[in-house]
**Student:** 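Please see the structure below; I have some questions.
Quick caveat: nothing in here was measured; it's all calculated off a predicted structure. Start at 1 and go down the list; that is how both ligands and their atoms are numbered.
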Amino acid sequence: MMYLNRHLNGGVSFILLLLMFLSFSGPFVLASTQSLSDINNASKLRHSRLFKSALQHKASNEQLSDLWTPLSNQGWKPYVAPASTFSSLPESSGYIQVFLDGGLNQQRMGICDAVAIAKILNATLMIPYLEVNPVWQDTSSFTDIFDVDHFMNILKDDISIIRELPDEYAWSTREYYASAIRSTRVKNAPLHASASWYLENVAPVLESYGIAAISPFSHRLAFDNMPIEIQRLRCKVNFEALVFVPHVRSLGEALVSRLRYPIVESIDAVGTKYLRQVIDTKDGHGAGKFVSLHLRFDKDMAAHSACDFGGGKAEKVALAKYRQAIWQGRVMNSRFTDEELRNQGRCPMTPEEIGLLLVALGFDNTTRLYLASHKVYGGEARIAALRRLFPYMEDKKSLASSEERAHIKQKASLSAAVDYYVSMHSDIFISASPGNMHNAMLGHRTYLNMKTIRPNMALLGQIFMNKSMTWSDFQDAVAEGQRNRLGEIKERKPKQSIYTYPVPDCVCQQR
Ligand SMILES: *[C@@H]1O[C@H](CO)[C@@H](O)[C@H](O)[C@H]1NC(C)=O
Ligand SMILES: *[C@@H]1O[C@H](CO)[C@@H](O)[C@H](O)[C@H]1NC(C)=O
Ligand SMILES: *[C@@H]1O[C@H](CO)[C@@H](O)[C@H](O)[C@H]1NC(C)=O
Ligand SMILES: *[C@@H]1O[C@H](CO)[C@@H](O)[C@H](O)[C@H]1NC(C)=O
């Protein structure tokens with residue numbers, strides 16, 4: 001009985017801790033595990049007829065040339081603020097602290113919004129705190145990922161920023177807020193709150209206490225009805241102020257250079273082997289160029305989407321188990337059948353499917369592909385189909401030694417930062433599912449008028465369900481469905497994010 005009691009008490013406090021953790025950090029609690037035994041059939045092709053044709057497909061010269069040609073000027077250029085008129089910042093109304101959930105790209109948006117809110121409130125911003133995401137497990141801080149000097153310097157005429165709170169506020173920490181209800185914590189900011197919400201609800205906290213800690217903070221600032229100077233400040237943070245730390249940039253730079261000028265093994269006159277970097281000698285289009293493919297196909301994504309990826313019954317059971325363990329039946333998608341999900345375009349494309357799409361778009365088997373990806377559920381078996389279509393497929397591991405990757409080893413956010421860097425320098429970017437990385441790239445590349453393929457998920461979902469589709473019908477359907485989705489500017493509509501659709505807020509019209 002004693003034992004049982006103690007055991008129960010232990011259990012109760014564990015649950016309380018868990019609840020506190022949940023209320024602070026969002027819904028993810030368990031770490032992602034990869035188990036190959038889940039999936040015995042990952043290497044089985046789902047679209048073997050199309051795949052056979054894709055292997056034999058020869059892209060026309062015209063198609064190739066269209067694909068690799070950079071976008072022409074579309075009439076917009078980045079907005080650049082006029083040089084500072086040297087007016088000093090208004091007196092600070094207090095300190096703003098934010099605690100940011102999510103992966104790197106979600107945190108990035110939170111950082112931009114935090115700067116905007118500091119501006120709205122005339123407050124001093126404490127460098128944002130990046131929560132450790134329970135799935136990604138990376139403990140890197142803002143200063144481990146972003147170049148903080150650059151950040152502060154670019155924004156010095158817009159807001160004041162500090163790296164550390166003054167001693168009198170040193171008590172205001174994550175632990176302080178996680179352990180009890182505190183009057184300096186603002187925890188009720190609505191999703192997409194207006195500027196006046198912050199003036200009405202946060203300004204008084206600053207006035208009373210000199211500090212306000214806002215958490216949760218993801219997606220807590222509206223995109224519509226914002227003063228244009230606030231919108232432009234958000235753009236400036238995202239596209240100008242946030243750059244990665246030097247070691248991420250230099251690893252990214254090395255990867256880009258090796259993608260453009262591959263390293264080959266050669267033998268010199270006396271028979272010694274050596275490595276040299278070559279200018280791409282293959283003829284025609286795409287020489288010295290590469291596509292960055294973002295493939296988020298880890299177990300979380302696969303389980304959360306609730307789609308059937310063809311790994312057979314064992315995979316289905318494993319994903320359902322995982323879904324139950326982590327989200328306890330709160331996954332909306334699991335209320336739909338696989339067919340319904342595909343019709344709505346809610347299923348990420350598998351490596352095989354993205355390969356078929358790329359071939360249908362006109363990429364040939366000499367295309368150099370950079371795989372911007374963390375872990376692929378099903379491992380190499382699942383990637384094999386894509387690799388057969390695109391034998392020149394590279395990733396961080398194939399391009400850089402483990403010494404070169406030492407700084408980012410086991411660091412999901414820093415790895416994502418390297419992928420962000422390389423993807424921003426690719427000639428073409430495409431993502432297998434429209435998540436945070438896709439949106440971040442779409443926005444940033446649109447801002448710089450760089451080519452980004454936006455897969456028409458609903459249409460592709462439908463096409464891939466038709467098991468009798470011929471290759472030529474598939475190609476026609478892809479051509480039709482992807483029309484105007486290859487980098488053509490799409491202006492932001494109400495409610496949409498300026499970080500995904502920076503036109504017109506972040507740019508100005510060119511004459
Ligand atoms: C911020 O400072 C500006 C300029 O001094 C002032 O006009 C504005 O009312 C201030 N806003 C707040 C919320 O303090
Ligand atoms: C693999 O696929 C075959 C044929 O579709 C199926 O009968 C088998 O159950 C699958 N294996 C697993 C472990 O799901
Ligand atoms: C590319 O495909 C052609 C057939 O279309 C084949 O002859 C060639 O060997 C392939 N190249 C590579 C690198 O796989
Ligand atoms: C499936 O593809 C075939 C062959 O390309 C085509 O004739 C048929 O209309 C398609 N079916 C549907 C439902 O789209």
**Student:** Is Y392 in polar range of ligand 3, meaning some N or O pair under 3.5 Å apart?
**Tutor:**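 No - when backbone and side-chain N and O of Y392 are compared with those of ligand 3, no distance drops under 3.5 Å.
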**Student:** Are W471 and Q56 side-chain neighbours, meaning at least one heavy-atom pair lies under 4.5 Å?
**Tutor:**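 No, side chains not in contact.
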**Student:** I'd like the residue list for ligand 4, meaning every protein residue with a non-hydrogen atom under 4.0 Å from the ligand.
**Tutor:**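 Residues near ligand 4: N466, S468, M469, T470, D473.
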**Student:** Taking the six-membered ring for Trp, are the ring centroids of Y499 and F223 within less than 6.0 Å of each other?
**Tutor:**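 Ring centres of F223 and Y499 closer than 6.0 Å.
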**Student:** Could you tell me if the side chain of L486 sits less than 4.5 Å from the side chain of I428, heavy atoms only?
**Tutor:**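 No, too far: nothing below the 4.5 Å cut-off.
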**Student:** For ligand 1, which atoms sit closer than 4.0 Å to a heavy atom of I120?
**Tutor:**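 Reading through ligand 1 atom by atom, the close ones are 13 (C).
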**Student:** Enumerate the atoms of ligand 1 whose separation from the nearest heavy atom of P90 is less than 4.0 angstrom.
**Tutor:**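 That gives atoms 2 (O), 4 (C), 5 (O) of ligand 1.
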**Student:** Examine R382 relative to F297 and say whether NZ or CZ is less than 6.0 Å from the centre of the six-membered ring and inside a 45° cone about the ring axis.
**Tutor:**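 Judged by the rule (NZ or CZ under 6.0 Å from the ring centre, within 45° of its axis), R382 is not positioned above F297.
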**Student:** Can a cation-pi geometry be assigned to R368 and Y392, taking NZ or CZ under 6.0 Å from the six-membered ring centre and within 45° of the ring axis?
**Tutor:**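 Yes, R368 lies over the aromatic ring of Y392.
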**Student:** For L199, take its heavy atoms, then give the atoms of ligand 1 lying under 4.0 Å from any of them.
**Tutor:**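 Listed by number with element, the hits are 13 (C).
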**Student:** Heavy atoms only: give me the nearest D427-G288 pair and the separation to one decimal.
**Tutor:**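 Heavy-atom minimum between the residues: OD2-O, 4.5 Å.
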**Student:** Would you please indicate yes or no on a ring centroid separation below 6.0 angstrom for F146 and F151?
**Tutor:**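 No; F146 has its ring centre 6.0 Å or more from that of F151.
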**Student:** Return the minimal non-hydrogen interatomic distance between R387 and M393, and the atom names on each side.
**Tutor:**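 Of all heavy-atom pairs spanning R387 and M393, the closest is NH1-O, 3.5 Å.
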**Student:** Considering the heavy atoms of N365, write down every atom of ligand 3 situated less than 4.0 Å from one of them.
**Tutor:**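 Near N365, the atoms of ligand 3 are 1 (C), 2 (O), 3 (C), 8 (C), 10 (C), 11 (N), 12 (C), 14 (O).
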